[in-house]
Asks: 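The structure's right below; bear with me while I get my questions together.
Worth saying up front: this structure is predicted, and the values here are computed from it rather than measured.
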Amino acid sequence: MSNLTINAERLWDTLTETAAIGATPDGGIARLTLSDEDRRVRDWLRTQVEALGCTLTVDAVGNMFALRPGRNPDLQPIALGSHLDTQPTGGKFDGVLGVLAGLEVLRTLDGAGYVTEAPLLLVNWTNEEGARFAPAMLGSGVYAGIYAGDWAEARQDSAGTRFGEALDAIGYRGTAPAGAVPFGAMFELHIEQGPILEAEGATIGVVQGVQGMRWFEVTLEGRSAHTGSTPMPLRRNALVGAARLVEAVDAAAQAHAPDAVGTVGHLTVTPNSNNVIPGHVFLTVDLRHPQDAVLDALEAELEVAVARVAAELGLETRLQAIARTAPVAFDPECIASVRRAAAKGGHATRDMVSGAGHDAAHVAGLVPTTMVFVPSAGGLSHNPAESTAPSECAAGAQVLLDAVLDYDARHSAAA
């Protein structure tokens with residue numbers, strides 16, 4: 001590997017600069033996918049990569065690919081990147097660090113006049129968060145063939161706006177078909193979004209894979225009626241059914257501890273009035289575990305719980321699976337490159353499996369892939385107080401650079 005060194009101050013300044021796009025008063029970022037704030041940060045990224053001489057391609061679902069030529073154009077590009085969209089209560093680092101560290105890698109190479117053997121490809125994936133359009137990792141999912149483009153186009157946000165309409169509104173529907181921009185491997189830097197690295201005093205997480213994830217939408221239909229004049233035995237209260245489901249999901253995950261997690265993270269209650277019995281509830285369920293067999297058991301328990309509340313309360317119910325991500329094992333050679341890069345920098349490391357979903361999980365089904373984690377203060381993420389120290393951001397970016405250079409050198413020699 002070379003002795004190229006990223007510019008830590010420049011990386012931090014870039015994180016600060018982009019944090020102003022969609023900034024919230026509490027120090028966070030609200031930059032929902034395909035919003036005007038998303039358009040602004042995409043325009044910013046376009047300007048930066050074109051200033052480096054990269055060729056930018058945008059595909060049909062808005063995924064952005066900035067290509068830096070390599071010495072050998074016959075080699076498949078090595079991709080690096082993550083996402084720039086955030087949660088409504090997002091922080092400055094989730095996803096963003098991966099894209100901006102990738103940009104810093106390109107800037108470092110450009111400043112040194114260093115040309116890799118394989119081309120490099122900086123990627124900004126669309127709708128990783130899933131906060132506006134479910135499911136999460138939608139752009140990479142369409143790229144990987146997991147979701148059909150027409151299905152993605154029809155996804156709606158809470159206001160009824162379709163994904164395709166929002167894509168057109170910000171001007172980021174590209175001409176390249178989804179999946180048409182090729183690459184041969186991918187490295188994604190990300191904050192851990194959990195407490196393990198900080199608790200163990202490690203700087204770099206060497207990520208072995210990603211646990212499986214299943215998302216569901218549940219609709220409960222009862223009957224709206226006056227709260228004062230409808231006796232309790234005659235009620236069909238959809239919110240009571242939702243409350244029982246929330247407890248059932250929690251209980252199912254607790255029964256498969258310590259690795260299972262289950263969450264009801266979104267509830268919409270209709271008519272949502274003080275003196276009207278809730279007649280309609282929409283909710284989401286998020287189930288995760290590193291093993292498919294346990295995910296199957298959790299899903300079965302959810303199905304039983306939905307059927308039970310329907311029978312007990314006289315409700316009509318609908319349970320729909322909207323996302324299924326199988327547990328993923330990352331590529332051993334990519335992992336080895338990260339391990340060598342971390343050792344080169346003298347960083348304390350910790351092997352780990354990601355509890356959160358990431359675009360790398362979809363990409364891993366196509367090409368050799370891995371991730372690099374850096375600590376999250378207090379294990380906090382999806383929160384304006386999300387924090388990773390400048391030195392930790394710099395360490396992650398340096399490991400990303402060195403891992404990509406290591407992988408490039410070994411694979412170009414074998415080609």
Side-chain angles (χ1 to χ4, degrees), residues 1-15 17-18 44-56 64-71 75-84 93 95-125 181 183-191 203-204 206-207 334 337-342 344-345 347 358-360 363 367-374 388 390-412:
M1 286 186 286
S2 76
N3 291 316
L4 292 169
T5 304
I6 63 103
N7 186 324
E9 184 176 357
R10 180 172 60 192
L11 172 61
W12 190 257
D13 287 346
T14 305
L15 282 160
E17 181 181 357
T18 55
W44 178 91
L45 181 62
R46 178 190 291 272
T47 298
Q48 306 309 310
V49 296
E50 289 180 346
L52 295 173
C54 296
T55 301
L56 182 68
M64 301 173 68
F65 304 91
L67 182 69
R68 183 180 195 263
R71 190 171 284 109
L75 294 174
Q76 290 274 47
I78 301 171
L80 56 166
S82 191
H83 62 96
L84 292 174
F93 304 93
V96 181
L97 176 61
V99 177
L100 300 188
L103 176 63
E104 177 56 33
V105 167
L106 299 188
R107 286 172 166 173
T108 299
L109 296 174
D110 186 70
Y114 187 99
V115 181
T116 52
E117 290 296 323
L120 298 185
L121 192 70
L122 177 62
V123 186
N124 172 37
W125 298 106
V181 179
F183 52 88
M186 182 173 175
F187 292 79
E188 180 175 0
L189 172 66
H190 209 280
I191 60 171
T203 303
I204 299 296
V206 182
V207 187
C334 290
S337 288
V338 171
R339 205 180 297 283
R340 283 188 288 268
K344 177 176 182 284
H347 300 297
H358 298 284
D359 294 305
V363 174
V367 299
T369 302
T370 196
M371 297 187 72
V372 181
F373 278 176
V374 290
T388 297
S391 61
E392 294 165 340
C393 293
Q398 187 65 47
V399 168
L400 178 67
L401 169 62
D402 288 335
V404 167
L405 293 178
D406 179 82
Y407 189 87
D408 178 58
R410 293 173 186 274
H411 276 259
S412 59

Asks: His83: which residues meet the ring-ring contact (aromatic ring centres under 6.0 Å, His included) condition with it, sequence neighbours left out?
Replies: His190

Asks: Report the distance from atom CD1 of Ile78 to atom CG of Leu120, rounding to the nearest 0.5 Å.
Replies: 6.0 Å

Asks: Side-chain contact, heavy-atom cut-off 4.5 Å: Val105 with Val404?
Replies: no

Asks: What pairs with Asp359 under side chain to side chain donor-acceptor pair (under 3.5 Å), at least two apart in sequence or on another chain?
Replies: Ser140

Asks: For a 4.5 angstrom cut-off between non-hydrogen side-chain atoms, does Met64 reach Val123?
Replies: no

Asks: My understanding is that only residues two or more places apart in sequence, or in another chain, count here; which of them pass ring-ring contact (aromatic ring centres under 6.0 Å, His included) with Phe65?
Replies: Trp125, Tyr143

Asks: What pairs with Glu17 under side chain to side chain donor-acceptor pair (under 3.5 Å), at least two apart in sequence or on another chain?
Replies: Trp44

Asks: Is a side-chain N or O of Thr369 found less than 3.5 angstrom from the main chain of Val367, in a donor-acceptor match?
Replies: yes

Asks: Measure the shortest side-chain to side-chain distance between Thr55 and Val49 over non-hydrogen atoms and say whether it is less than 4.5 angstrom.
Replies: no

Asks: Taking side chain as C-beta onward, heavy atoms only, is Leu106 less than 4.5 Å from Cys54?
Replies: yes

Asks: Not counting sequence neighbours, which residues clear ring-ring contact (aromatic ring centres under 6.0 Å, His included) with His411? List them please.
Replies: Tyr407

Asks: I'd like to check Arg410 versus Arg340 (side-chain heavy atoms, cut-off strictly below 4.5 Å). Are they in contact?
Replies: yes

Asks: About how many Å separate CH2 of Trp12 and CG of Leu97, when rounded to the nearest 0.5 Å?
Replies: 9.0 Å

Asks: Check salt bridge (Lys or Arg N to Asp or Glu O under 4.0 Å) between Arg68 and all other residues, then give those that pass, not counting sequence neighbours.
Replies: none

Asks: By side-chain contact (heavy atoms from CB on, under 4.5 Å), which residues pair with Gln398, not counting sequence neighbours?
Replies: Thr5, Ile6, Leu401, Asp402

Asks: So, taking the atom named CG in Leu56 and the one named CZ in Arg46, what distance separates them when rounded to the nearest 0.5 Å?
Replies: 5.0 Å

Asks: Where do Val115 and Gly70 come nearest, in terms of heavy atoms and distance?
Replies: CG1-C, 3.8 Å

Asks: What residue pairs, at least two apart or across chains, pass salt bridge (Lys or Arg N to Asp or Glu O under 4.0 Å) with a residue in residues 104-117?
Replies: Arg10-Glu104, Arg71-Glu117

Asks: Answer yes or no: is there a donor N or O on one side and an acceptor on the other, between the side chain of Thr370 and the main chain of Val207, under 3.5 Å?
Replies: yes

Asks: As an exercise, state the distance from CG of Leu103 to CG of Leu52, rounded to the nearest 0.5 Å.
Replies: 6.5 Å

Asks: What heavy-atom pair brings Ala397 and Leu11 nearest, and what distance separates the two atoms?
Replies: CB-CD2, 3.7 Å

Asks: Check Gly81 against Leu122 and note the closest heavy-atom contact, atom names and distance.
Replies: CA-CD1, 4.1 Å

Asks: Do Cys393 and Val374 come close enough that some side-chain heavy atom pair is under 4.5 Å?
Replies: no

Asks: Excluding sequence neighbours, so at least two apart, what forms side chain to side chain donor-acceptor pair (under 3.5 Å) with Ser82?
Replies: Glu188

Asks: Nearest 0.5 Å, please: how far is OG1 in Thr116 from CG in Leu75?
Replies: 9.0 Å

Asks: Run the side-chain contact (heavy atoms from CB on, under 4.5 Å) check on Val99 and Leu80 step by step: do they pass?
Replies: CA-CA 8 Å; Val99 177; Leu80 56 166; over 6 Å; no

Asks: A side-chain contact here means heavy atoms from C-beta on lying under 4.5 Å apart; do Ile191 and Phe373 qualify?
Replies: no

Asks: What pair of heavy atoms forms the shortest contact from Leu4 to Ala112, and how long is it?
Replies: CD2-CB, 3.3 Å

Asks: Any non-hydrogen side-chain atom of Asn3 less than 4.5 Å from a side-chain atom of Lys344?
Replies: yes

Asks: Evaluate the side-chain contact (heavy atoms from CB on, under 4.5 Å) criterion for residues Asn124 and Leu45: first the C-alpha distance (whole Å), next the side-chain angles of each, then the deciding distance (0.1 Å), finally the verdict.
Replies: CA-CA 9 Å; Asn124 172 37; Leu45 181 62; 3.9 Å; yes

Asks: With sequence neighbours left out, write down each residue that passes side-chain contact (heavy atoms from CB on, under 4.5 Å) with Leu67, or none if nothing qualifies.
Replies: Pro77, Pro119, Leu121

